[in-house]
Structures are given as C-alpha cells and as structure tokens.
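We use all heavy atoms of the structure for the numbers below, so side chains are in, but hydrogens, waters and symmetry mates are not.
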Amino acid sequence: MARSDRGASGSIRRGFAILLFAAVGTVLVLSLAFEVFTKKSESRQTFFRVVELTEETTDPAVWGRNFPLQYEDYLKTVDHVRTRFGGSDALPQTTSGADPRTEVAQSKLELDPRLTRMWAGYGFAIDHREDRGHAHMLDDQTFTGRQQKPQPGACLQCHASVVTAYRSLGGGDLAAGAAKMNAMPFPEARTHVDHAIACIDCHDPATMQLRITRPAFVEGIERVKAAEGTPNYDVNTMASRAEMRSFVCAQCHVEYYFKGADTQLTYPWDKGLRADDLLAHYDALSFRDWIHADTGAPMLKAQHPEFELWSQGIHARAGVSCVDCHMPYKRIGAMKITDHHVRSPLLNIGNSCQVCHPVPADELLARAEAIQERTLTMQDTAMDRLIDLIGGIQAAQTAGADAARLDPARHAQRRASFLIDFVSSENSAGFHAPQEAARLLFLSLNEILAGTQALQGSSTAR
C-alpha cells in the first residue's frame, strides 16, 4: 500500500475514534445531566396529591396520604425519650379507671414538693407532670388532675386542633369561633375537637404555606409590632417566612391569661415580651389567677413562655427560628424535608446544632447541659428563698401582723413566684436565653428580700 494510502487510512481511523469518543462523551454528559435534572425535579416535587385537603380536613392521617414522610415523623411524637434535664420519662399509669391513658409522665410535684406549696390553692398543686410529646397533648389536658378545678374551653387553643371547630362555631370567622370556645366549660368545648395539634393548625391546606390560626396570637403580635413602629400588622400577610418558622410555634408556646368573665385567651404583651414587662401588665390590671391558700396573696401562674424567653436570646438575635432547631431539615434520598418529629435539639444534634456549629456533638451537648445545670442551680436557690418567704408570711399572719407589713410581702411573693415560675415553666431550663433567665431569677431574689424586709418592718422595704 502506498504511503499516502496508509496515511489516509490512519486519518480515517483516528477520525472515527474521535467521533466515537465524542459520541460516548456526549451520551455520558447527557446521562449525567438527565440524572441531575431528575434529582432536582424529585427534590422540588414536595408531594403527590392523593387526596384533596380542605379546611375541614382535621385528621392528620388524611394529610399523611399526601405527605407520608412528614406524617411518619409526626407519629414519632408519641416517644418518651428524655434529655438530662427534661423529657417525658413515662411511668405506668396508676390513676383511676376513669382515665383511659395507659401511662403518664412523671409527677413534678413528687420530684419537687416545693411546687405544691408555691401553687397552694391552684390546680397545678393537684397535678403537674413532665411534658410528653405533641401526640399526647389533648389526652393529657383532658385527663389531668387539674380538671378537679373547673377549666375553661380556652385551654384547648394549645392542646387541640381547633381550626375547624373555630370556623364552625364562628360561622366561618376564626376569631368569633375562638371567643365562643374560650367561654365554654372545658367538657363542653372538648366535644368540638377530636385531635391534638395537627397539620391544619400550621399549614394552609391549599398551598401548604405556614399560617397563624390562633386569633389571640394575631392580636398579640399586632400589639408587639405596633410598639416597634409597625402599625396595623397582619401576621399572615406581613411576616417573613423566617418569622413564620417561629410564629407558628409561638401560637402556643407562650405566656397567656384568661381575660374577663368569659375567659378570653389573651397574650399580655402590651408592655413588651420580657417577664417583668408581663408582670407590669398584670399589675396594671390588678389581674390574678388565684388567691394563695396559705398566704392570701393574689397570685399569677406562668404557662409555657418559650417564645418570650427565646426572643431575648442569642439565637433569636441571629435569626435562628424554633423550626431550625426543633424541626430541622433532613434529607431522604434526593428530597429535603422538614423533620416533623418535634423534639429537643439535644436529641438531634447532627441536624440541629451542627448545621451552624462545626463542633463535636459531645462538646455541644456538654455546653448546653452546663447552661441548664447552672440555671437550675440558681432556680433551686430562688425557690428555697420563696418557700422561706411563704413561711414568713404565714408566721406573721398567725402573729397578727397588720396589712402594712403583710400586703407588701404578699405582693413580693406574687412577683417572685411568677419570675421563678417563668423560668421553671419555660421548657429549655434557661437555654433559650441564659443571661435573661439568670436576670429573672436575680430579680426574684430581690423581690423576696423586699418581702422579707416588709415583714420585719424595715424602712428599706419597697
């Protein structure tokens, strides 16, 4: 074969090889591109519409047909896993046959009998237990021993899925329906609800967008925003998505009181969100939850003010929402979803804390527990001094002390008890805002000192 023929043949083979290589490369690139496109499409495909959801769809199991992964997580809120300083630690049920629960959480009154004295004459002195998961919240309110004292229907705002009931009672008007349920006795209101907090309470069934469904929060946050310079604030149209990721939780995890004879659930936020701001609000109204059975003091019971304490902490200042820590994102295959197994971040450090803090999990846990241990040590000291004050007031009453000594001491008991209770009933053991928790416990000790001085007739008593 001539040299020129051999050269031409070689060029042809090289050209063919190049074409083949290019074709294979193109197929591989296209295949990779298709796979990436598919994965991205899967990640954007948040659900498959199996059933139509409406404002009447209260049962979370029905929502679970469209959102099986989230529903599986939701079902896990029946768990009893505890952290070092909190959790459910369920014990065998020992109450009467009228209580259908098979088990209950440990009694805080048995763990700390001082609470019974702190709340003497109030329902919480009868029954107060460690918290269980969201799945138990309706049953635990329905069958608590506190029902021995009349409870209002307003309690169901934070213990039941009430959106459909509110709309039904109010003829489509949430606020009107809430007002009606608030005023009902608890047994009557209980007939209007079937489920604990469910999907519909936080999500629009048509768009799945987060939303606020508790009229008391709508009104309360409007007052807060007005004080900050934003009048006529409508939370459902003006709040950012980041804000909503805390506001949906704050509908219930807050301090509140029952206003008026018709027990309208109200947030005491007119003067601010700090505990002493709430005290100022209550004092201005001369509001009380009950009269202390041992001292006659007009008392206040803090509820579960996680939102208020969190708002004073570094995580709130950094824009970290409740959902970021308690319901963090997780991946299942190509999908990124919000974990609906609501729980302590300390039980899920990898997805919660380490997303922002590139620190070993053991160290992060130790840091959190150190904060909690210090807060609880301060709380324990303040509680001891409060019990001393209660004993001092009782002794002064027995000795025939006049109102000039007793009334300031009772006022100090009221304020110190609320401040201690605010930290105790807030379920982070101070972690949400450690410095604020310490400040409140310090203020409680100052109140107790003022009360003690009043009993002694000291000229320095306030």
*Which pair of heavy atoms, one from Leu309 and one from Ala433, lies closest together, and at what distance?*
O-CB, 3.2 Å

*Point-to-point distance, once rounded to the nearest 0.5 Å, from OG1 of Thr142 to CG of Leu156*: 7.0 Å

*asked:* One pair to check against side chain to side chain contact (heavy atoms under 4.5 Å, CB included): Met299 and Ile291. What are the steps and the verdict?
replied: CA-CA 6 Å; Met299 299 299 294; Ile291 297 295; over 6 Å; no

*Report yes if the side chains of His411 and Asp283 come closer than 4.5 Å at any heavy-atom pair, otherwise no.*
yes

_I'd like to know if the side chain of Ser444 reaches the main chain of Leu441, judged simply by a donor and an acceptor atom lying under 3.5 Å from each other, with no hydrogens or angles considered._
yes

*If only atom types and distance count, is the side chain of His304 paired as donor or acceptor with the main-chain N or O of His253 below 3.5 Å?*
no

*Does the ring of Phe124 carry Lys301 above it, NZ/CZ under 6.0 angstrom from centre and within 45° of its axis?*
yes

*Taking the side chain as every heavy atom from C-beta outward, state whether Arg439 and Gln435 have any pair of such atoms under 4.5 Å apart.*
no

*Looking only at heavy atoms, what is the nearest atom pair of Ala416 and Ile448, with distance?*
CB-CG1, 3.6 Å

*Minimal non-hydrogen separation, Ile126 against Gln148, with atom names*: CG2-NE2, 3.6 Å

*For the residue pair Tyr74 and Tyr71, does the interplanar ring angle fall in the parallel (under 30°), tilted (30 to 60°) or perpendicular (over 60°) class?*
parallel

*Applying ring-ring contact (aromatic ring centres under 6.0 Å, His included), name anything that partners His315, two or more places apart in sequence or on another chain.*
Phe431

List, one per line, each side-chain donor-acceptor pair under 3.5 Å for residues 358-367, sequence neighbours excluded.
| from | atom 1 | to | atom 2 | distance (Å) |
| --- | --- | --- | --- | --- |
| Glu363 | OE2 | Arg367 | NE | 3.3 |
| Glu363 | OE2 | Arg367 | NH2 | 2.7 |

*Within 6.0 angstrom of Lys225 NZ, more than 12 heavy atoms from elsewhere*: yes

_Evaluate Val78 against Arg132 for side chain to side chain contact (heavy atoms under 4.5 Å, CB included), listing each step before the verdict._
CA-CA 8 Å; Val78 300; Arg132 298 203 290 172; over 6 Å; no

_Keeping Ser321 on the side-chain end and Ala242 on the backbone end, is there a donor-acceptor pair under 3.5 Å?_
no

*Pairwise side-chain contact, Thr57 with Pro205, heavy-atom cut-off 4.5 Å (strictly under)*: no

*Give a yes or no on whether the backbone of Gln303 and the side-chain of Glu255 come within a donor-acceptor separation of less than 3.5 Å.*
yes

_If we ignore hydrogens and angles and just use 3.5 Å, is the side chain of Glu56 paired with the main-chain N or O of Thr164 as donor and acceptor?_
no

*Distance-only side-chain donor-acceptor flag, Trp63 / Gln70, under 3.5 Å*: no

Identify every side-chain donor-acceptor pair in residues 178-188 under 3.5 Å, counting partners at least two apart or on other chains, and give the distances.
| from | atom 1 | to | atom 2 | distance (Å) |
| --- | --- | --- | --- | --- |
| Lys180 | NZ | Leu169 | O | 3.1 |
| Asn182 | ND2 | Ala178 | O | 3.2 |
| Asn182 | ND2 | Gln264 | OE1 | 3.3 |

*Starting from the C-alpha separation in whole Å, work towards a yes-or-no answer on side chain to side chain contact (heavy atoms under 4.5 Å, CB included) for Leu386 and Glu447.*
CA-CA 9 Å; Leu386 175 64; Glu447 293 289 347; over 6 Å; no

*Can any side-chain N or O of Asn66 pair as donor or acceptor with the backbone N or O of Arg49 at less than 3.5 Å?*
no

*asked:* Are the side chains of Val355 and Pro328 in contact, using a 4.5 Å heavy-atom criterion?
replied: no

*Under a 4.0 Å N-O cut-off, is there an ion pair linking Asp73 with Lys330?*
yes

*Met327 side, atom CE; Asn348 side, atom CG - distance, nearest 0.5 Å*: 11.5 Å

*Could you tell me whether the side chain of Tyr329 reaches within less than 4.5 Å of the side chain of Thr338, counting heavy atoms only?*
yes

*At their closest point, which heavy atom of Arg101 faces which heavy atom of Thr144, and how far apart are they?*
NH2-N, 4.4 Å

*asked:* Could you check whether Glu55 pairs with Arg211 (Lys NZ or Arg NE/NH1/NH2 to Asp/Glu carboxylate O, under 4.0 Å)?
replied: yes

*Is the closest side-chain donor-acceptor distance between Ser417 and Asp421 under 3.5 Å?*
no

*With under 30° as parallel and over 60° as perpendicular, where do the rings of Tyr267 and Phe217 fit, or are they tilted in between?*
perpendicular

*asked:* Please determine whether side chain to side chain contact (heavy atoms under 4.5 Å, CB included) holds for the pair Trp310 and Ser246, giving the CA-CA distance in whole Å, both sets of side-chain angles, and the decisive distance to 0.1 Å.
replied: CA-CA 10 Å; Trp310 164 85; Ser246 288; 3.5 Å; yes

*asked:* I'd like to know if Asp384 pairs up with Arg114 as an ion pair, taking the criterion as any Lys NZ or Arg NE/NH1/NH2 lying under 4.0 Å from an Asp or Glu carboxylate oxygen.
replied: yes

*Roughly how far apart are Phe67 CZ and Met208 CE, rounded to 0.5 Å?*
4.0 Å

_Atom pair CG (Leu279) and CG (Leu443), whose distance is rounded to the nearest 0.5 Å_ = 9.5 Å

*What is the minimum heavy-atom distance between Arg414 and Pro298, and which atoms define it?*
NH1-O, 3.1 Å

*asked:* To the nearest 0.5 Å, what is the distance between CG on Leu138 and SG on Cys158?
replied: 12.5 Å

_Heavy-atom pair of closest approach, residues Gln147 and Gln141_ = NE2-O, 2.9 Å

*Taking His341 for its side chain and Lys76 for its backbone only, find out whether a donor-acceptor pair lies under 3.5 Å.*
yes

*asked:* Donor-acceptor check, side chain of Asp201 to backbone of Ala198, threshold 3.5 angstrom: yes or no?
replied: yes

*Does some side-chain heavy atom of Leu346 sit less than 4.5 Å from a side-chain heavy atom of Phe85?*
no

*For Trp119 and His128, what are the C-alpha separation, side-chain angles and deciding distance, and is it a ring-ring contact (aromatic ring centres under 6.0 Å, His included)?*
CA-CA 11 Å; Trp119 297 322; His128 178 48; 5.1 Å; yes

*Can you check whether Val193's main-chain N or O pairs, donor with acceptor, with Arg190's side chain at less than 3.5 Å?*
yes

*To the nearest 0.5 angstrom, please state how far the CE atom of Met137 sits from the CD1 atom of Ile197.*
5.0 Å

_Exceeds 12 heavy-atom contacts within 6.0 angstrom, atom CZ of Arg146_ = yes

*Heavy-atom side-chain contact between Thr213 and Tyr166 under 4.5 Å*: no

_Tell me whether Arg129 contacts the main-chain N or O of Ala105 through its side chain, where contact means a donor paired with an acceptor under 3.5 Å._
yes

*Answer yes or no: is there a side-chain heavy-atom contact under 4.5 Å between Ile390 and His292?*
yes

